[in-house]
Amino acid sequence: MYGLVDGNNFYVSCERVFQPRLDGRPVVVLSNNDGNVVSRSAEAKALGIAMGAPYFQVRELLRYHQGHALSSNYALYGDMSRRVMARLAEQVPAVEVYSIDEAFLDLHGLTTWCGTLDSRAQALRRDVLACTGIPTCVGMAPTKTLAKVANRLAKKYPELQGVLRLDTDSRRERALRVLPAADVWGIGRQYAQLLTAHGIGTAWALSQVSEVWARKHLGGVVGWRVVQELRGQPCQGLQASEDGTLARQSIRCSRSFGQRLTALEDLWGAVSTYLSRAAEKLRAQGEQAHLLTVFLTQDRYDTRVPPPYTRSATLTLPSGPTNDTLRLLAYGRRLLERIYEPDRRYVKAGVVLDGLEPPGRGQQLDLFTPAAASPTVTEDRRQPLMACVDALNQRFGRGTVRPAAAVTAVGQPTPWQGNAQYRSPAYTTRLTDLLLVG
DNA sequence: TCTGGGGTCCTAGGACCC
DNA sequence: TCTGGGGTCCTAGGACCC
């Protein structure tokens with residue numbers, strides 16, 4: 001039996017823990033750059049503000065109803081997330097941290113020693129609320145996909161008091177019949193449209209399609225798994241996370257700029273910043289990457305620009321995997337120059353590190369470089385430098401030590417810097433931002 | 001004027017290897 | 001003129017998730 005715990009309106013709930021004045025009002029949290037709505041309070045949902053709505057479209061509505069919009073504060077949400085996950089890990093055999101606000105639980109054997117599953121789930125919710133201030137809902141079922149269904153309905157119907165268990169055929173059928181197929185985990189916009197066209201409206205109808213049909217129309221084996229899981233056949237197990245964190249298979253860092261950029265050197269300032277940050281994450285995870293991607297994106301809402309909006313270039317690092325910022329920067333520059341075109345107006349850039357593995361798994365030497373000058377040798381000497389940079393940035397704040405390309409003249413604004421006008425303090429992770437009570 | 005960021009998995013063709 | 005089978009890697013792209 002699987003459980004799925006999900007924080008209600010997670011980002012808004014995090015903000016409300018420290019700003020009770022936000023209670024009872026429409027509140028939204030915005031994406032980076034104050035672009036889109038990414039979290040909404042119940043009051044904001046009631047106003048009809050859609051998930052992902054551009055802020056400029058809802059700004060007036062929100063103001064009229066005396067609501068609040070906040071820039072996203074990932075330092076706060078990340079820390080609150082760790083607190084929630086830690087509470088869960090204390091109380092169940094295994095936890096898979098699925099996203100910043102969601103975790104799958106292994107509920108094996110919980111009934112036998114401590115009451116019914118439902119009462120256990122309620123106790124879990126009370127504990128998380130009491131210890132972190134975050135309200136949650138819990139769904140329980142024999143497959144992850146059904147646990148997601150249960151969680152969804154637990155949120156939708158308040159009379160369920162935040163908990164729903166789907167462990168019998170009749171309960172399962174009742175639930176699937178009221179859930180739109182589009183709300184099933186794994187059914188996105190494209191598939192939802194296709195299902196509608198075929199007269200498949202509910203999750204129940206989706207669970208009745210044939211294997212051949214699912215494989216043909218829903219992306220092969222992926223779609224078939226969704227159908228099987230809706231029928232109660234588990235296709236995926238729990239991937240337990242060690243100490244509440246998950247080792248990633250790829251690391252990405254990308255940002256929208258505060259303004260359009262055209263100059264190569266401005267773009268390089270952004271890309272080198274993101275690449276340094278990605279390399280730092282890579283080292284924190286104790287791994288090396290052997291694939292590097294750089295991408296540039298143009299304004300996809302500008303009708304004068306024909307698609308594709310994003311150009312990317314990927315390089316398999318010729319001298320093997322690395323987590324050395326300086327080497328990644330050298331390759332990153334080449335990739336950027338490969339995709340950069342003058343006279344284009346770019347809105348966003350990013351980097352991806354892929355092919356991650358722990359260090360020391362047979363390094364590839366370059367045939368044409370003398371061994372003493374090979375990248376891996378100079379790099380070994382640079383490991384202490386990287387460790388030092390990481391330590392400085394951790395102690396004195398991100399960007400204390402950064403690539404020269406990312407440094408602007410004193411008093412000059414950073415050309416690529418995004419907007420974050422309504423950011424709340426880092427209440428739980430920065431000493432000077434501690435909440436004062438008095 | 002203003003439209004996010006960071007992930008996962010799968011497919012598929014071509015290069016290359018034995 | 002005939003032209004294998006199975007494997008991995010590389011690269012790009014497409015779908016999905018929160």
Side-chain angles (χ1 to χ4, degrees), chain A residues 4 6-7 9-11 28-39 50-60 69 71-72 74 77-78 81 96-104 144-145 148 151-152 182-194 215 217-226 235-236 239 246-260 274 277-278 281 285 290-293 295 297-303 307-318 335 338-339 345 347-356 364 418-421:
Chain A
L4 178 69
D6 188 328
N9 320 326
F10 185 67
Y11 296 169
V28 301
V29 171
L30 304 174
S31 62
N32 250 3
N33 221 18
D34 294 340
N36 300 66
V37 172
V38 293
S39 181
M51 183 66 174
Y55 177 46
F56 72 91
Q57 286 176 2
V58 302
R59 189 185 296 142
E60 286 311 314
S71 302
S72 41
Y74 286 101
Y77 312 149
S81 173
E96 173 184 339
V97 177
Y98 176 68
S99 76
I100 195 165
D101 72 331
E102 266 180 67
F104 285 103
K144 284 179 159 183
T145 304
K148 293 278 284 187
N151 182 281
R152 186 111 188 176
D183 290 353
V184 171
W185 190 38
I187 301 301
R189 258 214 343 262
Q190 316 274 336
Y191 290 160
Q193 246 176 36
L194 186 140
R215 284 183 182 268
H217 294 103
L218 301 176
V221 66
V222 184
W224 173 230
R225 277 184 204 150
V226 170
C235 298
Q236 357 168 20
Q239 298 182 292
L246 208 54
R248 298 291 179 191
Q249 295 173 44
S250 72
I251 290 171
R252 168 189 297 245
C253 186
S254 71
R255 288 289 119 80
S256 296
F257 312 135
Q259 54 180 320
R260 307 280 185 272
Y274 307 156
R277 177 72 190 123
K281 288 189 199 172
Q285 195 173 301
H290 77 266
L291 278 173
L292 170 61
T293 300
F295 65 88
T297 302
Q298 297 179 80
D299 186 356
R300 66 182 189 281
Y301 301 101
D302 185 342
T303 48
Y309 303 105
T310 298
R311 282 204 63 194
S312 73
T314 301
L315 177 71
T316 301
L317 301 183
L335 291 173
R338 211 156 93 193
I339 56 176
R345 290 150 51 85
V347 299
K348 174 178 177 177
V351 304
V352 186
L353 298 174
D354 243 316
L356 308 192
Q364 178 77 43
N419 304 308
Q421 288 186 50

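Chain naming here is simple, since letters A, B, ... match the order of the sequence lines and numbering starts at 1 in each. Hydrogens, waters and symmetry mates play no part in the numbers below; they use all other heavy atoms, side chains included.
Base pairing analysis places B:dC18 opposite C:dG5; the two distances defining the Watson-Crick or G-U wobble pair are each below 3.5 Å.
Regarding contacts with the backbone of B:dT3, every side-chain N or O of A:K348 stays at 4.0 angstrom or more from both OP1 and OP2. Taking side-chain N and O atoms only, A:R260 has a distance below 4.0 Å to OP1 or OP2 of B:dC2. Between B:dT8 and A:Q239, no contact under 4.0 Å exists linking OP1 or OP2 to a side-chain N or O. Within the structure, every side-chain polar atom (N or O) of A:S256 is placed at least 4.0 Å from both OP1 and OP2 of B:dT3. Taking only side-chain nitrogens and oxygens, A:T314 comes nearer than 4.0 Å to OP1 or OP2 of C:dA12.
Nucleic acid contact for A:V58: none, since no nucleic acid atom lies under 4.0 Å from a heavy atom of the residue. Residue-level contact check: A:I187 touches the backbone only, with heavy atoms under 4.0 Å from sugar-phosphate atoms and none from bases. Across all strands shown, A:D101 has heavy atoms under 4.0 Å from sugar-phosphate atoms exclusively, and none from any base. If you check every strand for non-hydrogen atoms under 4.0 Å, A:Y191 touches sugar and phosphate atoms only. Across all strands, A:Q57 comes closer than 4.0 Å to no nucleic acid atom at all (heavy-atom distances). Within the 4.0 angstrom heavy-atom criterion, only backbone atoms of the sugar-phosphate kind lie near A:G186; the bases stay farther away. As judged by a 4.0 angstrom heavy-atom cut-off over every strand, A:R311 is placed among residues making no nucleic acid contact. Counting non-hydrogen atoms under 4.0 angstrom, A:L30 reaches nothing in the nucleic acid. At the heavy-atom level, A:G219 lies nowhere under 4.0 Å from the strands shown.
Summarising the geometry, the separation between OH on A:Y98 and P on B:dG7 is reported as 14 Å, rounded to the nearest angstrom. Rounded to an integer number of Å, the gap from NE2 of A:H290 to C1' of C:dC10 is 9 Å. One interatomic measurement links the two molecules: CZ of A:R215 to P of B:dT11, which rounds to 9 Å at whole-angstrom precision. Rounded to a whole Å, the CG atom of A:D354 is 12 Å from the C1' atom of C:dA12. Atom pair A:R277:CZ and B:dG7:P shows a separation of 10 Å (rounding to whole Å applied). One atom, CZ of A:R345, and another, P of B:dT3, lie 11 Å apart when rounded to the nearest Å.
For the pair A:Y11/A:I100, a side-chain contact is recorded, criterion being any heavy-atom separation below 4.5 Å from C-beta on.
In this structure, A:D299 pairs ionically with A:R260, as a charged nitrogen and a carboxylate oxygen lie closer than 4.0 Å.
Side chain of A:F56, nearest nucleotide from B:dG6, C:dC17, B:dC2: B:dC2.
Projected onto DNA chain B by closest heavy-atom contact, A:S254 and A:V221 fall at different nucleotides, the more 5' of which corresponds to A:S254.
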**OP:** Please report the C-alpha distance between A:F295 and A:V352 in whole Å, then the side-chain angles of each, then the deciding distance to 0.1 Å, and finally whether the side chain to side chain contact (heavy atoms under 4.5 Å, CB included) criterion is met.
**Re:** CA-CA 8 Å; A:F295 65 88; A:V352 186; 4.2 Å; yes
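In the displayed structure, A:Q236 atom CD is contacted under 6.0 Å by more than 12 heavy atoms of other residues, nucleotides or ligands.
Rounded to whole Å, the P atom of B:dT3 lies 24 Å from the corresponding atom of C:dA15. If you take atom P in B:dG14 and the same atom in C:dG4, they sit 16 Å apart, rounded to whole Å.
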